[in-house]
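Step one of this worksheet: look at the structure below.
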Amino acid sequence: MTDAYDPPLLGTRVLDLTSGPMTAVGRLFADLGATVTALNLRGVTGDDTVGPTVDGVPVQTAINRHGMASVELDSATDAAEFERLLAESDILIENTQPGSSAEATLAVREIRRRHPSLVILSISDFGRDNDYKRWQATTPVLHALTSELSRSGIPGREPLVPPADLPYQVAAAQAAVMTMAIYLDRLRTGEGDLIDFSVLDGAMQTLDPPFGSAGTGSAGVAVSAQARDWNSEQLRYPIIPCKDGHVRICILAKRQWRGMFTWMGEPEEFSDPSYDKLGKRFHSPALFEAIKKFCSDKTRAELEAQGQQHGVPTAAVLTLSEALTAEHFQERGFFRDVELTPGVTAPVPVGVSVIDGQRASALNIDGQAASPTGAPKLAARNRGGQGLPLEGIRVLDLGVIVVGADTGRLFGDLGADVVKIEHSAYPDGLRVGRFGSMTQPFAAGHRNKRSIGIDLRSEEGRALAHRLVEVSDVVLTNFKPGVAESLGMDYATLKDVNPGVVVVDSSAYGPTGPWAKRLGYGPLVRAAVGFTNLWTYPGESETFCDTVTVYPDHVAARIGAVSALAALLRRERTGRGGSVSISQAEVMLSHLAADIAADALQRSGRTRTDEGHDYPWGMFSTSEDDGWIAVTVRDDADLQALRWVLGVPGDGPVGAEQVREWTSRHTRLEAMERLEAAGGPAGGGVGAHQPPPLDYSHARLEAMERLQSAGVPAGAVLHAHELPAWNYYEQRRAFREELHPYGGSTPYMMENVQVHADHVADPPLGQAPLIGEQTAEIAAELLGLDADQIAALHEKGVLETIQPDPVPQG
């Protein structure tokens, strides 16, 4: 660690009672500089570990807990010591099972009463305030209930569970953002809070939210409206066979198509100007076949280099081992060999954010400091009375597409004043179609923001933007490296404008290294880091199924947001801001960290000790059309519960075929019984009414509810449009409808509650703006310009306001 590096959470004290995969939250805080104490409170803390397990070492748990102080106490005999630790802590994290004796013993409500300044993150699979609180989750169950599985896999086959434990990894990032926002607010109010955090909520909001912002390839269509169509999906972010493997090519913008057209030698059959349009290209199998033929005799390296030269985003589909040995990741030093336990050394990530040019990692921190104190700039700002933790913070948002949209929206949903700077000459890629209208993905990603149209290409425009920086706390960017510098909106420039500003820069591969200036989208990043190659059916190496997902954009946005909030907290004690840099590729690799470490350990001669079990675990079809349910039996207790549900006597084995028969047949019989009980006709004769077709539409839900009631982790594979009406999400107030004035007559479905906490209100109802919709308002309020000055700047094109499209009549 260099002398110039000041870890942003240095002095923040976290008491972590969690076990299992959500220990990832404590890891994020520790890498940002917090002192995290892993407390094993007997009678409260569980004993869940996370693998893979190598020579008895649960690798993910070892990574999450590496370098942390560990304390063991007994809840019955060490109450005084536990009270001392609580009194000295800023944040408490726990994940007792709702309804358990551990939950009753810990009694977080009572802790909150005794320690009102403590911020308590209370984690459970399904939350603690609803009828589903005692349900059990696993990775496939969470994927099913977020709707991710309904979009993963080849139609007609079982849904394909994505690689890694993504639901928990991304939910940890969401939990960290919400906790840090409330902790930052505590500095000016003195009041802590209790967060009821559901892993399912966090996974739904952060992995691939069905009603969130969507990528450019969605062409303005909401994720919830995108059906699983494996063939057409290949045209969106196509994966092309080549001489030595596969490459993925993204041809989204007109300029990218023109580059591809030139690269291919300007073939006459595709010279029609209609191919400039995204929709035309997506619906042209002939074009896809021509590109395949063009690539067939070239290597991955040749296609990558030539694609980049022609401005066509191109990436080789690498295996994970190929990615890890790539020069880019070697040069950036993302992995370091670490002794996880005595004698067991493996490569682990060195932090997923770079702050002030240094990797934010506990591996780079020496010593600790006192709790942050000093002149609290934030405390001097008045809260607006909305009941939101980030009121009084101003964010300048230059972000684009999904990661840019979501980072700013998180701040806006939590009460910050978010000002989006944009211009029609270089529009946000989410703005498809006419600038005077609105789409659901843009409305979802840019709600609770105001827009000012400024031409940053002009010197006068940049001067106006710098005046906005003077009165702002955070600047968000996610341009290709070098663009922010050319616009005068990089940290090196802005720190002289406002020494207290925090600048977040997010990019595909990071600002340094051989791949830094590559054109990158999420699908290209997934290909380059080995994720696409892993997202295939076992033994079928070319069944790439990662197309209909926006991962890792949404979670990368959370990593950027929590890093920015931590930097703001550091500003409370130092008075200075800082720079934050996020690489989407490294965020993704961090989610594979345990598998990478386990593979390295096995290659060094160690033995994997957790592979294989005889419990039913998989996707099972139900009596519905394309109906599936994930059933995941973890241990003997789950197996006994499954026997009870299936009616299998004794203690004999239960196989996958028995589960499959039950999900497909038993629910059908139940449907028939319901029909007969309702008085429906049982048969036909002369003159008799024919029975209506049986309704199996709820077979998945009923099978899931029966299994979960017995304690078996099970999840119906929900389609996106089904989420808002499912009772769990209704009870958690997860969604709301909004009629946008520029979006037509049909309301948009939107996410609603981001955090369930005692003192945090639901997100405001500020609707996503058109380009420059609030230009005059912001120019007057924040720049002090009068009406004549604003009009003159509009006339010169320095400022811009787009007028809405006319409302159709009659």
Problem - Trace of the side chain to side chain donor-acceptor pair (under 3.5 Å) decision for H446 with D428 - result: CA-CA 11 Å; H446 291 282; D428 190 322; 3.2 Å; yes

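- In this structure a side-chain-to-backbone donor-acceptor pair under 3.5 Å is missing from D356 to Q358.
- Expressed to the nearest 0.5 Å, how far OG1 of T746 lies from CD of E737 amounts to 9.5 Å.
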Exercise for the section: Could you walk me through whether Y729 and F735 pass ring pair (Phe, Tyr, Trp, His ring centres under 6.0 Å), step by step? Expected result: CA-CA 7 Å; Y729 287 119; F735 301 102; 5.6 Å; yes

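- When each of R409, K449, R450 is checked for a salt bridge (charged side-chain N to carboxylate O under 4.0 Å, His left out) with D397, only K449 meets the rule.
- For Q386 and E391, the side-chain atoms include no donor-acceptor pair closer than 3.5 Å.
- Shown are I582, L28, D31; of these, the side-chain contact (heavy atoms from CB on, under 4.5 Å) with V352 is made only by L28.
- Using modelled atom types, no side-chain atom of R394 and backbone atom of V474 make a donor-acceptor pair closer than 3.5 Å.
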Identify every side-chain donor-acceptor pair in residues 768-776 under 3.5 Å, counting partners at least two apart or on other chains, and give the distances.
unit_1: E773; atom_1: OE1; unit_2: L770; atom_2: N; d: 2.8
unit_1: E773; atom_1: OE2; unit_2: Y742; atom_2: OH; d: 3.3
unit_1: Q774; atom_1: OE1; unit_2: S451; atom_2: N; d: 2.7
unit_1: T775; atom_1: OG1; unit_2: G453; atom_2: N; d: 2.9
unit_1: T775; atom_1: OG1; unit_2: G772; atom_2: O; d: 2.9
unit_1: T775; atom_1: OG1; unit_2: E800; atom_2: O; d: 2.7

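- Ring planes of H740 and Y748: tilted class, angle from 30 to 60°.
- With H554 contributing its side chain and V403 its backbone, the two residues share no donor-acceptor pair below 3.5 Å.
- A side-chain donor from one of T493 and D490 sits under 3.5 Å from a side-chain acceptor of the other.
- Side chain of E781 to main chain of I778: no donor-acceptor pair is present (N/O by atom type, distance under 3.5 Å, no hydrogens or angles).
- Judged purely by atom type and a 3.5 angstrom limit, Q789 has no side-chain atom pairing as donor or acceptor with the backbone of L785.
- L32 contributes atom CG, which lies 9.5 Å from atom OG1 of T12 (distance to the nearest 0.5 angstrom).
- With T477 contributing its side chain and V504 its backbone, the two residues share a donor-acceptor pair below 3.5 Å.
- Inspection of the T801 and H794 side chains reveals an N or O donor paired with an N or O acceptor under 3.5 Å.
- Between R736 and E751 no salt bridge is recorded (no basic side-chain N to carboxylate O distance below 4.0 Å).
- In summary, the side chains of H759 and D185 do not present any donor paired with an acceptor at a separation below 3.5 Å, with no hydrogens or angles considered.
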